Amino acid sequence: MLYPLKFKPVYKSYIWGGRSLEKYGRELPGGEIAESWDLSCHPDGVSIVSNGSFEGIPFPELLKVYGSKLIGTNFPQTYIDKFPLLVKLIDANEKLSVQVHPDDEYAIVYEDGGLGKNEMWYVLSARPGARIVYGVVPGTTKEQFTAAIRKNNIESCLRYMEVSQGDVINIPAGVVHAIGEGILIAEIQQNSNTTYRVFDYNRELSAGKRPLHTEQALEVINFESSGKKEKSRGLRIRIDGQSYKDYVVANRYFAAELYDINGRVLEKSDGSKFYIYIFTEGEGEISYSDGKTTFKAGETVFIPALLGNYIIKGRFKALKAYIPDLQNDVVCNLKAAGYSKDSIYNIIAGIA
């Protein structure tokens, strides 16, 4: 009965949003649409199946019924009770606030047992010269950062970086960050909505300024993050003469591969884990033992753990996300492709 699942987007309207998601043929609600939660079990926005026999059923209800058949035998019961990942598309028509997320250890104690938030961005499009904030200026201390907040001079402490289409940015918990204006992003993250806002550019709204969370932020910011690699170049594996995949991020929370396919790729869901595909360009179909599911750019598809062998064919680009066994899913595969252990650990962002 299991098949590739699609979901109804959950749209979020914030002051910095826009209408860029219309380029995927979506019928957006009115106003400025900032985020589309495309796969979520978070109570702030629950995904509902939009295709097949499960259409109309909330994803958490399916998890309760099918459990490990959906998510895989590699994972504990807690992953069924609270699905570990959340997938978003983010339209930054204006710049987002400067913010930071806690790790699991902090969130468990201070956020009612919730998850921290490690995340990654894939830049779907960006205006020329578009920038993000990633970390602080090297050498900035907690004391200097605190003083800058008090003097309303925090921007002097922030590290800026230009981005363009196709860039991958890994953002561990504790890294100060912000998306600049004119950027459309696909985000893979832990299932958390905990954000500590540090600076909001002194924006005034009709209801006043948005609240800041500087005390919590100062407790969780990693002031050594300036030494981390901002963009992930990835490591490439040739699938065939016209198709490739790049391992770009791998950590204990999630892994992500970039697919560039012209033709077909044979995949297998062997019961151990689920997979998520975020299709960023092109179109095609997923063939499996009981049928076919079509897809196009801007859609997210969930592959159940027990789907078995399946073929994805078409001309498309996609992000493939999953929770890895780092040694077997990542390191061994890249070693088999000819990469040394040192190159794997030096090039892939966030591997641990």
Side-chain angles (χ1 to χ4, degrees), residues 5-50 58-60 82-102 107 111 114-126 130 132-133 169 171 173 177-201 203-213 254 276 278-280 297-302 319 321:
L5 300 174
K6 298 181 183 181
F7 303 94
K8 298 177 182 178
V10 179
Y11 292 114
K12 302 286 184 177
S13 180
Y14 304 129
I15 58 171
W16 42 264
R19 308 291 297 178
S20 295
L21 293 175
E22 289 178 330
K23 79 174 193 176
Y24 295 118
R26 297 190 180 193
E27 295 183 7
L28 301 181
E32 306 304 315
I33 303 304
E35 296 181 352
S36 174
W37 292 22
D38 287 2
L39 199 165
S40 167
C41 283
H42 197 281
D44 290 346
V46 173
S47 291
I48 296 174
V49 179
S50 64
F59 192 37
K82 186 172 185 177
F83 188 70
L85 299 183
L86 198 162
V87 172
K88 299 177 182 176
L89 300 186
I90 300 176
D91 177 10
N93 188 53
E94 301 292 339
K95 53 193 172 186
L96 277 68
S97 62
V98 179
Q99 56 192 246
V100 67
H101 308 300
E111 296 293 342
L115 293 176
K117 189 176 175 185
N118 288 263
E119 63 189 29
M120 63 154 285
W121 295 339
Y122 176 79
V123 179
L124 296 166
S125 63
I132 66 168
V133 171
I169 300 99
I171 307 172
H177 60 279
I179 306 173
E181 64 267 30
I183 304 173
L184 184 63
I185 276 174
E187 178 176 283
I188 300 166
Q189 60 159 90
Q190 286 182 271
N191 184 6
S192 170
N193 202 25
T194 301
T195 295
Y196 299 146
R197 195 179 294 125
V198 183
F199 179 63
D200 200 29
Y201 305 97
R203 283 187 279 216
E204 290 281 357
L205 309 178
S206 58
K209 293 182 179 180
R210 295 198 294 174
L212 302 179
H213 316 93
F254 54 79
I276 300 168
I278 307 162
F279 294 98
T280 61
E299 290 188 324
T300 293
V301 179
F302 176 89
L319 276 169

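The structure displayed is predicted, hence computed values, not measured ones.
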- Query: Under a 4.5 Å cut-off applied to non-hydrogen side-chain atoms, are Y11 and L28 in contact?
  - Reply: yes

- Who pairs with E32 by side chain to side chain donor-acceptor pair (under 3.5 Å), at least two apart in sequence or on another chain? none

- Task: For K95, enumerate each residue passing the salt bridge (Lys or Arg N to Asp or Glu O under 4.0 Å) test, keeping only those at least two apart in sequence or located in another chain.
- Result: none

- Query: If we only count heavy atoms from C-beta on, is the K82 to C41 side-chain gap below 4.5 Å?
  - Reply: no

- Point-to-point distance, once rounded to the nearest 0.5 Å, from CG of L212 to OH of Y196: 14.0 Å

- Item | Validation row: E94, Y14 side chains within 4.5 angstrom (heavy atoms) | no

- Message: Please verify the inter-ring angle class for F59 with F83; under 30° counts as parallel, over 60° as perpendicular, anything in between as tilted.
- Response: perpendicular

- With side chains defined as the heavy atoms from C-beta onward, is the minimum distance between S125 and K23 less than 4.5 Å? yes

- Using the ring of each side chain (for Trp, its six-membered ring), is H177 parallel, tilted or perpendicular to H101, with breaks at 30° and 60°? tilted

- Query: Hey, does the side chain of N191 reach the backbone of L86 with a donor-acceptor pair shorter than 3.5 angstrom?
  - Reply: no

- Query: Do I188 and I278 come close enough that some side-chain heavy atom pair is under 4.5 Å?
  - Reply: yes

- Query: For the side chain of S192 and the backbone of L115, is there at least one donor-acceptor N/O pair under 3.5 Å apart?
  - Reply: yes

- Message: As an exercise, state the distance from CG of L89 to CD1 of I185, rounded to the nearest 0.5 Å.
- Response: 10.5 Å

- Query: Any side-chain heavy-atom pair from S40 and V10 closer than 4.5 angstrom?
  - Reply: no

- salt bridge (Lys or Arg N to Asp or Glu O under 4.0 Å) with D38: which residues, sequence neighbours excluded? R26

- Report yes if some heavy atom in the side chain of L184 is under 4.5 Å from a heavy atom in the side chain of Y24; otherwise report no. yes

- Query: Passes side chain to side chain contact (heavy atoms under 4.5 Å, CB included), D44 versus W37? Steps please.
  - Reply: CA-CA 10 Å; D44 290 346; W37 292 22; 3.9 Å; yes

- When rounded to the nearest 0.5 angstrom, what distance separates CD in Q99 from CG in D200? 9.5 Å

- Item | Side chain proximity check, L96 to V133, heavy atoms < 4.5 angstrom | no

- Message: Using only atom types and a distance under 3.5 Å, with no angle test, would you say the side chain of R19 pairs donor to acceptor with the backbone of G31?
- Response: yes

